[in-house]
Amino acid sequence: MSTKVSTPEMKSLHFQPRTPATTTGDKVVGAVSHTALTIWTLIVILPLLWTFMSSFKTSSEIFASPFALPGEWKLDNYVKAWSEAGIGSAFLNSVLVVAVALVIVMVLGAMCAYVLARYTFRGSRAIYYLMLAGLTFPIFLAMVPLFFVLRNMGLLNTLPGLILVYVGFALPFTVFFLFSFFKSLPHEITEAAALDGAGEWRTFFQVMLPMAKPGLASVAIFNFLGLWNQFLIPVSINAAGPRVLSQELAAFAGQMGYAVDYGALFAAVSVTVIPVLIVYVIFQRQLQGSVSQGTSK
């Protein structure tokens, strides 16, 4: 009969974690990667900081010393851009259109993705592939048909018509993104909800939808960025209607001609960019690893 003798030295040797060896190639790859990321960060951040700083300057200050700090940090340019240039009303229109379109597309997209991922019926695969085909269809090819369709519906040059087009534009991506999240949900959860007496609607809204929260948050951020920065659709089907922010910004830059008030123009650009930065900073944690996490919990 053999007995095992364990000493503290043996335990320390047994449980000592192994540290991976760092080769010269790893160091080179790490250095190149960090250098590339640093350069990319500077390329992105420095123009934003310069735009924000220039929004407090006059045009003469910008031409005299482009990279110097403003002499006085006044909000005159923002007041001019908000009131005189119409950026304020366009900002409110953009918030209304994007918010309503985002709510509608998230609800419809989640429902459609859930049904296509969890149920098998005749034509389900065809519907899914048609949704994927919508991702590859260039949006500018649909402008002429959309123009006539909205005109026949009486929605041309109106905010409801713009909301409707935004929903149709973002729906394929939403379905494609959420399909994998609902597909990975275990069927035992659905069976347990059915045993507890939950119907299909209650199972979806109270059980399945909360489990897909990482995917919902991620696709909502992507849709917000895409709809907020949309320019081609409003210019094509809302040229004579209430303008959104991208339209008003382009009109403000064009109507000044050669006498450009760069301070007010940079202020208008800052008003356009700041909401996007705020949304990203607030919800950036939802983007980190949400695609890989899914609903495996």
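- V165 and L150 make their closest contact through CG2-CD1, 3.6 Å (heavy atoms, listed as atom of the first residue, atom of the second, distance).
- Atom CD1 of I87 and atom OG of S270 lie 11.0 Å apart (nearest 0.5 Å).
- N93 and P242 make their closest contact through ND2-CB, 3.9 Å (heavy atoms, listed as atom of the first residue, atom of the second, distance).
- Listed for the S65 side chain is no donor-acceptor partner under 3.5 Å among the backbone atoms of A68.
- When hydrophobic clusters are built by joining Ile, Leu, Val, Met, Phe, Trp and Tyr residues whose side-chain heavy atoms come closer than 4.5 Å, directly or via intermediates, L116 is grouped together with F205.
- Side-chain contact between Y119 and Y114: present, with at least one pair of heavy atoms (C-beta onward) separated by less than 4.5 Å.
- Under a 3.5 Å cut-off, the side chain of T272 and the backbone N or O of A268 do form a donor-acceptor pair.
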Could you walk me through whether N238 and R243 satisfy the side chain to side chain contact (heavy atoms under 4.5 Å, CB included) test, starting with their C-alpha distance in whole Å, then the side-chain angles of each, then the deciding distance to 0.1 Å, before giving a yes or no?
CA-CA 7 Å; N238 192 43; R243 293 176 177 175; 5.6 Å; no
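- No donor-acceptor distance shorter than 3.5 angstrom exists from the side chain of S236 to the backbone of I233, with no hydrogens or angles considered.
- Both I237 and F137 sit in one connected hydrophobic cluster of ILVMFWY residues. Membership requires side-chain heavy atoms under 4.5 Å apart, directly or through other members.
- Residues L162 and L225 fall within the same hydrophobic cluster, defined by Ile, Leu, Val, Met, Phe, Trp and Tyr side chains chained together at heavy-atom separations under 4.5 Å.
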For a side-chain hydrogen bond (donor to acceptor under 3.5 Å, both in side chains) check, start with the C-alpha distance between N223 and T174, then their side-chain angles and the critical distance, and finish with the verdict.
CA-CA 8 Å; N223 282 332; T174 305; 2.9 Å; yes
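- With values rounded to the nearest 0.5 angstrom, L155 atom CG is found 11.5 Å from L146 atom CG.
- Checking side-chain atoms of S94 against main-chain N and O of A90 turns up a donor-acceptor pair under 3.5 Å.
- Contact detail for V207 and P210: the closest heavy-atom pair is O-CD, 3.5 Å.
- With a 4.5 Å cut-off on side-chain heavy atoms, L96 and L92 do not count as touching.
- Cluster annotation: V98 and I278 are assigned to the same hydrophobic cluster (Ile/Leu/Val/Met/Phe/Trp/Tyr, side-chain heavy-atom contacts under 4.5 Å, transitive).
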Check: residues 71-79 side-chain donor-acceptor pairs under 3.5 Å, at least two apart:
from, atom 1, to, atom 2, distance (Å)
N77, ND2, S55, O, 2.8
N77, ND2, K57, O, 2.7
Y78, OH, S55, OG, 2.7

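- No donor-acceptor pair under 3.5 Å is formed between the side chain of S218 and the backbone N or O of G215.
- Panel note: side chain E61, backbone T58; a donor-acceptor pair is recorded below 3.5 Å.
- Counting all heavy atoms, side chain and backbone alike, L227 lies closest to A101 at CD1-CB, 4.2 Å.
- Here the CG atom belonging to L178 is positioned 12.5 Å from the CE atom belonging to M111, to the nearest 0.5 angstrom.
- Taking the six-membered ring where the residue is Trp, Y262 and F63 present perpendicular rings, their angle passing 60° and hence far from 30°.
- Atom-to-atom distance recorded for Q206:CD and M211:CE is 14.0 Å, nearest 0.5 angstrom.
- Ring-plane geometry between F266 and W50 is classed as perpendicular, the angle between the planes exceeding 60 degrees on a 0 to 90 degree scale with a lower cut at 30.
- F231 and V269 fall into different hydrophobic clusters, defined by Ile, Leu, Val, Met, Phe, Trp and Tyr side-chain heavy atoms under 4.5 Å apart, directly or through other members.
- Here the CZ-CD distance, from F252 to E248, works out to 9.0 Å after rounding to the nearest 0.5 Å.
- Atom-to-atom distance recorded for M143:CE and L232:CG is 5.5 Å, nearest 0.5 angstrom.
- Checked against side-chain contact (heavy atoms from CB on, under 4.5 Å), L132 has the following partners two or more places apart in sequence or in another chain: Y128, Y129, L135, F176.
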For side chain to side chain contact (heavy atoms under 4.5 Å, CB included), just list the numbers for F148 and L156, CA-CA rounded to whole Å, side-chain angles, deciding distance to a tenth of an Å, and then say yes or no.
CA-CA 8 Å; F148 290 103; L156 188 65; over 6 Å; no
Tell me, with the steps shown, if V244 and Q230 meet side chain to side chain contact (heavy atoms under 4.5 Å, CB included).
CA-CA 9 Å; V244 294; Q230 186 59 239; over 6 Å; no
Just list the side-chain donor-acceptor pairs under 3.5 Å for residues 188-196, sequence neighbours left out, or say none.
from, atom 1, to, atom 2, distance (Å)
T190, OG1, R118, NH2, 3.0

Evaluate F169 against F173 for ring pair (Phe, Tyr, Trp, His ring centres under 6.0 Å), listing each step before the verdict.
CA-CA 8 Å; F169 172 73; F173 172 74; 9.6 Å; no
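- Between V273 and T51, every side-chain heavy-atom pair lies at or beyond the 4.5 Å cut-off.
- A search for ring pair (Phe, Tyr, Trp, His ring centres under 6.0 Å) contacts involving W82 returns F91, not counting sequence neighbours.
- Under the side chain to side chain donor-acceptor pair (under 3.5 Å) criterion, no residue pair touches residues 134-155, with sequence neighbours excluded.
- For the pair L69 and M53, the tightest heavy-atom approach, listed with the atom from each and the gap, is CD2-SD, 3.6 Å.
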Residue pair V105, Y166: steps toward the side chain to side chain contact (heavy atoms under 4.5 Å, CB included) verdict:
CA-CA 8 Å; V105 77; Y166 276 5; over 6 Å; no
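- Residue L46 shares its hydrophobic cluster (ILVMFWY side chains chained together at separations under 4.5 Å) with L42.
- In this structure, A110 and L209 approach most closely via the heavy-atom pair CB-CD1, 3.9 Å.
- Counting only distance, with no hydrogens or angles, the side chain of E84 and the backbone of A81 share no donor-acceptor pair below 3.5 Å.
- Between the side chain of S184 and the backbone N or O of F181 there is at least one donor-acceptor pair closer than 3.5 Å.
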